[in-house]
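Chain A is the first sequence line, chain B the second, and so forth, proteins listed ahead of strands; every chain is numbered from 1.
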Amino acid sequence: MKEFYPFEEIESKWQGYWDDQGLFATDVKSADNKYYCLMMFPYPSGTLHVGHGRNYIIGDAVARYKKMRGFRVLTPMGWDAFGLPAENAAIKTGTPPAESTFNNIAIMKSQLRAWGCCYDWDREIASCTPEYYKWTQWLFLKLYERGLAYKKEAAVNWDPVDQTVLANEQVMPDGTAERSGAKVEKKMLSQWFFKITDYAQRLLDDLDQLDGWPERVRSMQENWIGRSEGTRVEFTLVPRTDGQPDADSVIPCFTTRVDTIYGCTYMVLAPEYPGIADLVKGLPQEASVLEFVKEAGHLSAIERTTDGDKNGIFTGRYVTNPYNQEQIPLWIGDYVLVEYGTGAVMAVPAHDTRDWTFARKYDLPIRISIQDPEQSLDLATMDDAYTEDGIVVDSPPFSGMPNREAIPQMGRHAQEHGFGGPVIQYRLRDWLISRQRYWGAPIPMIYCEKCGMVPVPESDLPVLLPEDVEFKPSGESPLKSCASFMNVTCPKCGGPAHRESDTMDTFVDSSWYFFRYLSASDDTQAVDTDLCNQWLPVDQYIGGIEHAILHLMYARFFTKAMYDLGLINFTEPFANLFTQGMITKRSEKDGQLYKMSKSKGNVVSPEELIKSYGADTVRLYTLFIGPPEKEAEWNDAGVEGAYRFLRRLWRRIEQTHSLLLGSKELKPVVDEMETPERNLYRKLHESIQRITRDLDGDFHFNTAIAQIMELMNAVDDLGVTESSSPQARAVYRETMETLVLLISPFAPHIAEELWQELGHAPSILNAPWPTVNEAALHRDEIEMVLQVNGKVRGRILVGATTDAVGLEQEALANKQVQKWIEGKTVRKVIVVPGRLVNIAVS
RNA sequence: GCCCGGGUGGCGGAAUGGCAGACGCAAGGGACUUAAAAUCCCUCGACCGUAAGGUCGUGCGGGUUCGACUCCCGCCCCGGGCACCA
């Protein structure tokens, strides 16, 4: 054995060995004892930093641990390879996206290898290959057949920097684009959508099944779906005085507080409400209303919402409240959202703070219809709306009812009289999947002058991305100006036609890749139904919290849609989800903590660290840094500590190498041990117990590693040598071998090497995980803590079998204790066997 | 405003209602060395005390309990999600 820990040599040795052996090449024919361990596949951006590394190191440690526990582990890897960065780079440098993407994939693959992360590379997929996106397109067609993919003209989010539309999920709360950071604009465009709203209720309901998901993620999805129960109420337009008919005489609204409807004193439409121009045509208000609508349209969503200021204008029209036949004025207000509910709101200023503000500003009437049971409301003294529960008043025939009871009754009333009824509203919108960009899967649609919109026949898939395109910063998809791509014949009539030039959102690609791993090279079908049914749901999904809504919602939607298509027989893709915390680093400029990222300039790249300390050190430190689900601050000095530990482990085995090999035949026997080795033996098995528990629970690698370090400290304290007793040497050998096994998921290279040096055949991954010997845990004597009034005043060693009475006697007789209870009355003695005795005195 | 997290030494962090601060980092002192590196040993929450020992201490204020970092109530601060969603 080398005297000093030769990490460089052993790491390249074992990485080569794992490659040759196909360490995680998994035969999926049998799914006995299966464990599908999946890491979110990365976008091939070129280089990974140690922050990204956390994800793969955690995943690799889990996969290795589960393999040692005897599971048939499937752990594949692939590339979320379509995306804007590659295309933007192409515009800048002229390098085709395919070329740069595959270059990046090669780099990142070697980085993963250098980290010691092993995957079943035979299943590797890249979403940008025709072999993959053919099936993305096929799935699009299936969704289209079921009416789940449709095209419509809508006000959509336009990213002026990336020159494409975005889904709602890809716009941040402050109105900027999630990817580019640009201020998102609204544009009316004809776009492709997936009808995820059809699945809103199922996506919500099934969250309850996901008890292997962090509560946080579930609640984020719940918020995003935003279910709300309410009532639809149809108000009727009061006919115009000039006798002109209205296109639609009904204006429906959605409310969660139908109980307040007798307090409704006006109605408000969103500025974008369809048909406003007709409503006011020829009225004196026409010009000013149209001007107001135009103004509101110029303001972005943020500008409209920032200060809470509400602007509006009277239309000159009136509507009738169907509950009391009252005619109330119809307004337009910029605080009403056209995309939520019906785009019309019944305004109850007395019981809604927004309506209150608006009514006060424009001097509209306010009427109380819910009374505070505690103290009577008085409009003269109220300075805001009363939004609490109370008693319905002045609302015949519902007056006198508690308002919560009134809601269902009044809803039923609307239904019986045909002007509405209970409805459920969701915040979730349909998923906009069109992208006006090149580097994505083309949407397989053809537009024919005669036949209209025609889907590409399945036999013509894939619709290939052309390579002879020009990347110019024109703001238009290069596909549009590529004649060879655009011009086709209509599959229906054979006449001239053109292709859809939009490509799909890359989140479509990532919504089904975890099915594809099971049959990555199957060119006959998208997914292998039998294999998916056996191997999924994924047993452990590992990734970043940033995907809590986007990717995880879309993937759940796809799974349900694919279930409905009969492609799979389960409805949730990921049984257990683990979201690791971000790695942060203090900025040298301002001393603040930031997420590690290229744009913040605080990245730590693994290459240099691996060069000076080795991959095992980087892995060990990354796992030791803190609980993996929490954020953690990267600290270069801490890496040194991990390195020191591995060196120490190496040295210990190197220095006692012949002793260890020479003790092979010695077996630890509890009854023959002297106290020192007996204690180490117990500590060893306590460690196995604790580490196993830490890994089976929430992957608390940090405490598991701490335990390994403690065990190592205990080994050093015992200081076994050639002249030690046979039992001491036997315990020492077992401890060292077990230590190597225990550390192997975290630091696999050194573990493989030491395992071999200890006389075992590789790979250590095929060795079983250590088990606890209950006999080793046994204690004859236990240290008991003695407390007086909850304060520790002493400690004693007692026999493990001493009963409560005996413990109490021993405690009371103790000198230290006597000092504190002298002259006091003992009120109570609490004995917690195995732990402590507490004497309460006064 | 609503919904989730979180707040413990100089730092990262440990603690099934039962010894607060495991493990590691940093720091200080010492040994070895011509010297350095490496390694090893000791100290390391605050305060009082020569010491033995004692008092205080897990964001703040209450409560439950023999006993609370842990459970309950009310706040404060930090992070995240949702938000003019009717």
Next on the checklist: For a quick check under 3.5 Å, do A/Gln201 and A/Tyr426 share a side-chain donor-acceptor pair by atom type?
Outcome noted: yes
Checklist entry - With no hydrogens and no angle check, do the side chains of A/Asn713 and A/Arg648 hold a donor and an acceptor under 3.5 Å apart? => result yes
Item to check | Protein-nucleotide distance (A/Tyr426, atom OH; B/rA86, atom P), rounded to Å | outcome: 14 Å
Pairwise [atom1] distance for [N] and [M], with rounding to whole Å:
N	M	atom1	value
B/rA46	B/rG21	C1'	13 Å
B/rA68	B/rG57	P	11 Å
B/rU39	B/rG24	P	13 Å
B/rC44	B/rC32	P	23 Å
B/rU58	B/rU8	C1'	4 Å
B/rG54	B/rA14	C1'	27 Å
B/rU70	B/rU64	C1'	13 Å
B/rC69	B/rC19	C1'	14 Å

Out of [options], whichever nucleotide has its closest atom nearest the side chain of [X]:
X	options	result
A/Thr255	B/rA86, B/rC84, B/rG54	B/rA86
A/Ala840	B/rA26, B/rC66, B/rC3	B/rC66
A/Val345	B/rC4, B/rA86, B/rA14	B/rA86
A/Lys791	B/rC25, B/rC56, B/rG13	B/rC56
A/Met709	B/rC66, B/rG24, B/rA14	B/rG24
A/Thr256	B/rA86, B/rU55, B/rG6	B/rA86
A/Trp224	B/rG13, B/rG18, B/rC82	B/rC82
A/Asn223	B/rA14, B/rU55, B/rC82	B/rC82
A/Val792	B/rC19, B/rA14, B/rG81	B/rC19
A/Asn713	B/rG24, B/rC56, B/rG12	B/rG24

Tell me whether the OP1 or OP2 atom of [N] has a side-chain N or O from [X] closer than 4.0 Å.
X	N	value
A/Ser228	B/rA86	yes
A/Arg651	B/rA38	no
A/Arg644	B/rC25	yes
A/Tyr340	B/rA86	yes

Report yes if a donor N or O on one partner sits less than 3.5 Å from an acceptor N or O on the other, where the partners are the side chain of [X] and the base of [N]; otherwise report no.
X	N	value
A/Asn838	B/rC66	yes
A/Arg427	B/rC82	no
A/Arg835	B/rU16	yes

Checklist entry - Is there a side-chain contact between A/Val217 and A/Leu552 (heavy atoms, below 4.5 Å)? => result yes
Checklist entry - Quick one: does A/Leu269's side chain get under 4.5 Å of A/Val336's, heavy atoms only? => result no
Item to check | A/Arg619 to A/Tyr621, cation-pi by 6.0 Å centre distance and 45° axis angle | outcome: no
Checklist entry - So is A/Lys310 actually on top of A/Tyr335's ring, under 6.0 Å and inside 45° of the axis? => result yes
Regarding [X], tell me which of base, sugar-phosphate or nothing describes its non-hydrogen contacts under 4.0 Å with the strands shown.
X	result
A/Pro627	sugar-phosphate
A/Glu783	base
A/Gln787	base
A/Gly641	sugar-phosphate

Checklist entry - Across all strands, who's sitting opposite B/rA37 as a Watson-Crick or G-U wobble pair, both distances under 3.5 Å? => result none
Checklist entry - How do A/Ile625 and A/Ile549 order along RNA chain B: which one's closest nucleotide is nearer the 5' end? => result A/Ile625
Checklist entry - Quick one: on RNA chain B, does A/Phe254 or A/Phe4 contact a more 5' nucleotide (nearest heavy atom)? => result A/Phe4
Next on the checklist: With syn defined as a glycosidic angle within 90° of 0 and anti as the rest, where does B/rG9 land?
Outcome noted: syn
Checklist entry - Around atom CZ of A/Arg652, are there more than 12 heavy atoms of other residues, nucleotides or ligands at under 6.0 Å? => result yes
Next on the checklist: Less than 6.0 angstrom separating the ring centers of A/Tyr323 and A/Phe419, yes or no?
Outcome noted: yes
